*Asks:* 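Dumping the structure here so I can ask a few things about it.
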Amino acid sequence: MGTTLAEKIQSIRGMNDILPDETPAWQFVEEKLRLLMQSYDYDEIRFPIVEKTALFKRSIGEVTDIVEKEMYTFDDRNGDSLTLRPEGTAACVRAGVQNGILVNQQQRLWYSGPMFRHERPQKGRYRQFHQIGVEVFGLDGPDIDAELICMTARLWNELGLSGSVTLQLNSLGTPASRKVYRGILTDYLQANKALLDEDSLRRLESNPLRILDSKNPAMQDMIEKAPSLMDHLDEESKVHFSRLCTYLDSVGIAYEINTRLVRGLDYYSKTVFEWVTDKLGAQGTICAGGRYDGLVKQLGGRDTRAVGFAMGLERLISLVENKLLEKHAKQPHAVLLMMGERAQNSGLAVAEQMRNELPGLRILTVCGGGSFKSQMKRADKSQAEIALILGDDELENNVITVKYLRADRDADKSQQEQLSQSQVIELISGLASRNKNG
RNA sequence: GUGAGUAUAGCUUAAUGGUAAAGCUCUGGACUGUGAAUCCAGAUGAUAUCGGUUCGAACCCGAUUACUCACCCCA
């Protein structure tokens, strides 16, 4: 027609809106997570989304893919190089060190929020995605490693995912033992250099352990025969690992030892683990973590042992069965129809009074007027249990008509009645508390 | 970053190179204060963008953009 369409501005690639019909699922999972953290007595910490670029370079590792090509980095107005956080651990450690909460004490912390990586989007992988992370400082035993894994296993159980996920476990050893192994592995890879693909050749110098992770079928045979990290662990790491396995056995958590599990970030040592699923296509890791005993010192803090993990919320939510989420779908307890000008004038006040009386009440007002029929349609669509009808008749007699929208039509029960406002409040209060328990 | 597939109404999808359709949704009515069933009527599109081939393009070709999936990487 006459109007020219302005150019539509779209969201940034890989950064998605979470729409009203999806937020109940998010809230459901977020609430489960909050209660989970509470039940282990972990404390929430919050830190900024933007940090100095150097923080991530120093912690994640200069030669990792994340730092080399996936960070959203830009210059601040004063020339500082800043970066949208690609993960939470580095910033959590920075916040802990800066505020002096890691010195001579134990901290069990969790955080959640958006992370940013400039990758090509695909199923389960986005440029802005959400993680919940847990970090524990000042504890060096395998018992706390086990506790973190217990925590995640409990969550799968509560979300009905136990059958869809498996735990992969490995130890990367202490930095010293890893250095020795790295030498042995490099020798082996050098001897088989002819079999390496382009990526692996590049990593031969920078990060040879990552070559073990390769999915290239042509290299599998060579990787199978490579010396195993497990066989070259120092005594300390061996004991740590076997005790962790014992703990897991004793709480009945099944695991698979995967000696090729290396993890992408440089700061890990000893325990590393991943929960994986085959139900999400190519992005099958929904939770991953490990021990990073050297990172706090590396970022300028006192030498402090640490262990943690992170979960991808998008992946988690897409795994949770719709059935489970539907139960959680929210709907108003009551919907208020206002017929005519007089009713509209007093209707909002009536709704306000009801909210005063019943703080947990969800009551939807059919704003915008319209015919009785159209208001009833909107009331029905709201999924509310009952409709409260306010019109001239009701105002005249100082009552409210209550219509039971979900009543069985064939039943002999009355489907509509007129009640005083206090009777209505009593009625709704019953509905509201019943919903809470159901 | 590499590769493949897709792009038509708010949504889901039709349409031999020849008038752009249907269902859902929405609005109104049948039923003047009673929804969810049924029936009737109505609203909504530069067929992603730009260019080319053609008498004629939603359809064929090219480029661009976006989305999807995979590689890679990872939560």
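In what follows, chains carry the letters A, B, and so on, assigned in the order in which the sequence lines appear, proteins first and then strands, with residues in each chain numbered from 1. Just so you know, these numbers come straight off a predicted model, no measurement behind them.
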*Asks:* Please work out which of the three classes, parallel, tilted or perpendicular, describes the rings of A:Tyr181 and A:His232, given edges at 30° and 60°.
*Replies:* tilted
*Asks:* With respect to the phosphate group of B:G3, does any side-chain polar atom (N or O) of A:Arg120 fall under 4.0 Å of OP1 or OP2?
*Replies:* no
*Asks:* Looking only at side-chain atoms of A:Thr401, point me to the closest of B:G33, B:G35, B:C73.
*Replies:* B:G33
*Asks:* Which listed nucleotide (B:C72, B:A75, B:U34) is nearest to the side chain of A:Ala288?
*Replies:* B:A75
*Asks:* A:Asp392 near the nucleic acid: base, sugar-phosphate alone, or nothing, with a heavy-atom cut-off under 4.0 Å?
*Replies:* base
*Asks:* Given the P atoms of B:C31 and B:U25, what is the spacing between them in whole Å?
*Replies:* 22 Å
*Asks:* Look at A:Arg203 and B:C73 and indicate whether a side-chain polar atom (N or O) is within less than 4.0 Å of OP1 or OP2.
*Replies:* yes
*Asks:* Taking all non-hydrogen atoms of both residues, which atom of A:Val424 and which atom of A:Ile400 are closest, and how far apart?
*Replies:* CG2-CB, 4.1 Å
*Asks:* With the threshold set at 4.0 Å, does a side-chain nitrogen-carboxylate oxygen contact exist between A:Arg260 and A:Glu224?
*Replies:* yes
*Asks:* Using a heavy-atom cut-off of under 4.0 Å over every strand shown, decide if A:Ile286 touches base, sugar-phosphate, or nothing.
*Replies:* sugar-phosphate
*Asks:* What contact category does A:Glu70 fall into here, base, sugar-phosphate, or nothing, at under 4.0 angstrom with non-hydrogen atoms?
*Replies:* sugar-phosphate
*Asks:* I want to check something: taking the side chain as every heavy atom from C-beta on, are A:Pro86 and A:Met115 in contact at a cut-off of under 4.5 Å?
*Replies:* no
*Asks:* Considering only B:C74, B:A75, B:G35, which nucleotide approaches the side chain of A:Arg125 most closely?
*Replies:* B:A75
*Asks:* Report the base-pairing partner of B:A7 (Watson-Crick or G-U wobble, both distances below 3.5 angstrom), or none.
*Replies:* B:U65
*Asks:* For A:Arg117, answer base if it contacts any base atom (sugar-phosphate contacts may also be present), sugar-phosphate if it contacts only those atoms, and nothing otherwise; contact means non-hydrogen atoms under 4.0 Å.
*Replies:* base
